Protein chains: 2
Amino acid sequence: MITAIPGKLNSCHDCKDISCAAAVLKISELELVNMNSLENEVKKGDIILHEGSMTSHIIYLKTGLVKEFIRQPNGREQILQIVKQHTYLGLPSLFSDRINHYSYAALENSHICYIDINVFNRLIRQNGEFAQQILISVCKDSLNNFNRFIKQSHKKIYGRVADAILYFSGIVFENDRFDLPFSQREFADLIGLSRESTTRVLIKFKNEGIISIKGKSITINNPDLLEQISLKG
Amino acid sequence: MITAIPGKLNSCHDCKDISCAAAVLKISELELVNMNSLENEVKKGDIILHEGSMTSHIIYLKTGLVKEFIRQPNGREQILQIVKQHTYLGLPSLFSDRINHYSYAALENSHICYIDINVFNRLIRQNGEFAQQILISVCKDSLNNFNRFIKQSHKKIYGRVADAILYFSGIVFENDRFDLPFSQREFADLIGLSRESTTRVLIKFKNEGIISIKGKSITINNPDLLEQISLKG
DNA sequence: AAATAAATGTGATAATTATCACAAACCATA
DNA sequence: TATGGTTTGTGATAATTATCACATTTATTT
């Protein structure tokens, strides 16, 4: 039996944002316990969801890091975004045709929860606060993603690589120094460029002192200049 | 006073889809009358919303045709989608930062309604069915849009022009013959190509007999071939 | 209907990026 | 530490698309 929980939303301890999925989850967490939702550990490289498959459960990324991607007709992978913990995977699909449009693979060992679709839907209908928070979460996510994509689309390779570095630094890892969680091949897939072009730009940035590269580790030395390059297009 | 309306959703008479915003509106229509929502007529070319402005009302496109667009840093316009009647404009913005991320301009004389944000939000909280339908509508729309964009992004100019023609034929006008609601300059903006390249491809398609062009009117003679070109990338 | 402005067509050229081919560096593991 | 595999670096070249410049057509205004 599901009972609507009075509309008290807490903010997520990590990001202090009441629209963060972690905060949203607080309502459903009670339900999850009741419903015996499955919790699972996935290893780095594991595929969590396949594009084209039916949505049978909602998947909540409790801890870890995941890439969202599709396969382009030419066979190449297109990475759409890096998904951080406290996020539902592919929520929009649930509310459209219930087919997963994207694939998800773990970039690190991660913890995920499977939540029953019907529980979720009942919660939404019975609890307006919950519905509103999910709406906010979905809208923010899709807007951010779409905007990032649109802005990239007309930029030259320098601007695009700069964007990608700033994306990892700012949005994914929130740190000027970070380890690329995959190869340059995949980095190129995220940006939508050839591997060679991507490498060349990275080396150019390195030679100009804007960034430092040691193995998979990237350090931004001059964020302002990177921003400038990104803006210039 | 807003009262929750028992969850009976009708399908839209036009598109027979209960997730169509027209169906969703049925619930709020009653409210709209109560709240004295403003109805307005806009002329072809009028700008309905400016990117960057605050969301003060929700705008519902009752009749007409509208383009959603942004201005790229290089000054060029990027048309994101063509919005048909029975659609809320920029709904995702309402649920994120309440700033309109895109601009909207009328491609034909159109009728729009202004709905108070608070009415909308109260409806969502008080009526789970309504919330769910809005969620569905937002998710479908953003998925479709994003997918269209991603699929385009790696295609060559032929595939992209083919896509755009199929988009107008299938999604916007639902007819093999349609009038471009704007110039080829704007058509190019929608596709994200230069005007000259776009023109050249159109002429190529025309010379190959795949389409016919008379002024602004385009007729698709060979939809299968167009599909093929789109798929080939 | 003439004049003016706007949109479209087209060749030549330049800029950008992908592709190919292979060398060098790095990594895992026997 | 040798060895095979993968990833990264780099030059040369080809493919694709934008840009420029201008002719031609079409639309709008007086």
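Small disclaimer: the values here were computed from a predicted structure and weren't measured.
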Original post:
What residues, two or more places apart in sequence or in another chain, satisfy side chain to side chain contact (heavy atoms under 4.5 Å, CB included) together with A:Lys156?
Top reply: none
Subject >> With sequence neighbours excluded, residues passing side-chain hydrogen bond (donor to acceptor under 3.5 Å, both in side chains) with B:His101 >> reply: A:Asn147, B:Asp97
**OP:** In whole angstrom, give the distance that lies between atom CG of B:Asp179 and atom P of D:dT26.
**Re:** 16 Å
Original post:
Does anything in residues 155-169 of chain A reach DNA chain D, meaning a heavy atom under 4.0 Å, and if so which residues?
Top reply: none
Return the polar atom pairs (N/O with N/O) between nucleotides 6-13 of chain D and the protein under 3.5 Å, or none.
unit_1: D:dT8; atom_1: OP1; unit_2: A:Lys216; atom_2: NZ; d: 3.1
unit_1: D:dT8; atom_1: OP2; unit_2: A:Gln184; atom_2: N; d: 2.9
unit_1: D:dG9; atom_1: OP2; unit_2: A:Gln184; atom_2: OE1; d: 3.3
unit_1: D:dG9; atom_1: OP2; unit_2: A:Gln184; atom_2: NE2; d: 3.4
unit_1: D:dG9; atom_1: N7; unit_2: A:Arg195; atom_2: NH1; d: 3.2
unit_1: D:dG9; atom_1: O6; unit_2: A:Arg195; atom_2: NH2; d: 3.0
unit_1: D:dG11; atom_1: N7; unit_2: A:Arg200; atom_2: NH1; d: 3.1
unit_1: D:dG11; atom_1: O6; unit_2: A:Arg200; atom_2: NH2; d: 3.2

**OP:** Using the test side chain to side chain contact (heavy atoms under 4.5 Å, CB included), find all partners of B:Ser56 that sit at least two apart in sequence or belong to another chain.
**Re:** none
Original post:
Taking only residues two or more places apart in sequence, or in another chain, which ones meet B:Asp141 in a side-chain hydrogen bond (donor to acceptor under 3.5 Å, both in side chains)?
Top reply: none
Could you tabulate the donor-acceptor pairs under 3.5 Å formed by side-chain atoms of residues 168-175 of chain B, not counting sequence neighbours?
unit_1: B:Ser169; atom_1: OG; unit_2: B:Asn175; atom_2: O; d: 3.3
unit_1: B:Glu174; atom_1: OE2; unit_2: B:Lys84; atom_2: NZ; d: 3.2
unit_1: B:Asn175; atom_1: OD1; unit_2: B:Arg177; atom_2: N; d: 3.1

Cut-off 3.5 Å, no hydrogens considered: what does the side-chain donor-acceptor table look like for residues 205-214 of chain A, sequence neighbours left out?
unit_1: A:Asn207; atom_1: ND2; unit_2: A:Ile203; atom_2: O; d: 3.4
unit_1: A:Glu208; atom_1: OE2; unit_2: A:Lys204; atom_2: NZ; d: 3.1
unit_1: A:Ser212; atom_1: OG; unit_2: A:Asn221; atom_2: ND2; d: 2.9

Subject >> All side chain to side chain contact (heavy atoms under 4.5 Å, CB included) counterparts of A:Glu68, not counting sequence neighbours >> reply: A:Leu80, A:Gln81, A:Val83, A:Tyr102, A:Tyr104, A:Asn145
**OP:** Check each of A:Arg185, A:Arg71, A:Arg195 against A:Glu77 using the salt bridge (charged side-chain N to carboxylate O under 4.0 Å, His left out) test, and report the only one that passes.
**Re:** A:Arg71
**OP:** Please list, chain by chain and in numerical order, all residues satisfying side chain to side chain contact (heavy atoms under 4.5 Å, CB included) with A:Asn109, sequence neighbours excluded.
**Re:** A:Lys43, A:Lys44
**OP:** Quick one: list whatever passes side-chain hydrogen bond (donor to acceptor under 3.5 Å, both in side chains) with A:Arg98, sequence neighbours left out.
**Re:** none
Original post:
In degrees rounded to 10°, what angle is found between the helical axes fit to the five outermost pairs at each end of the helix from C:dA1-D:dT30 to C:dA30-D:dT1?
Top reply: 50°
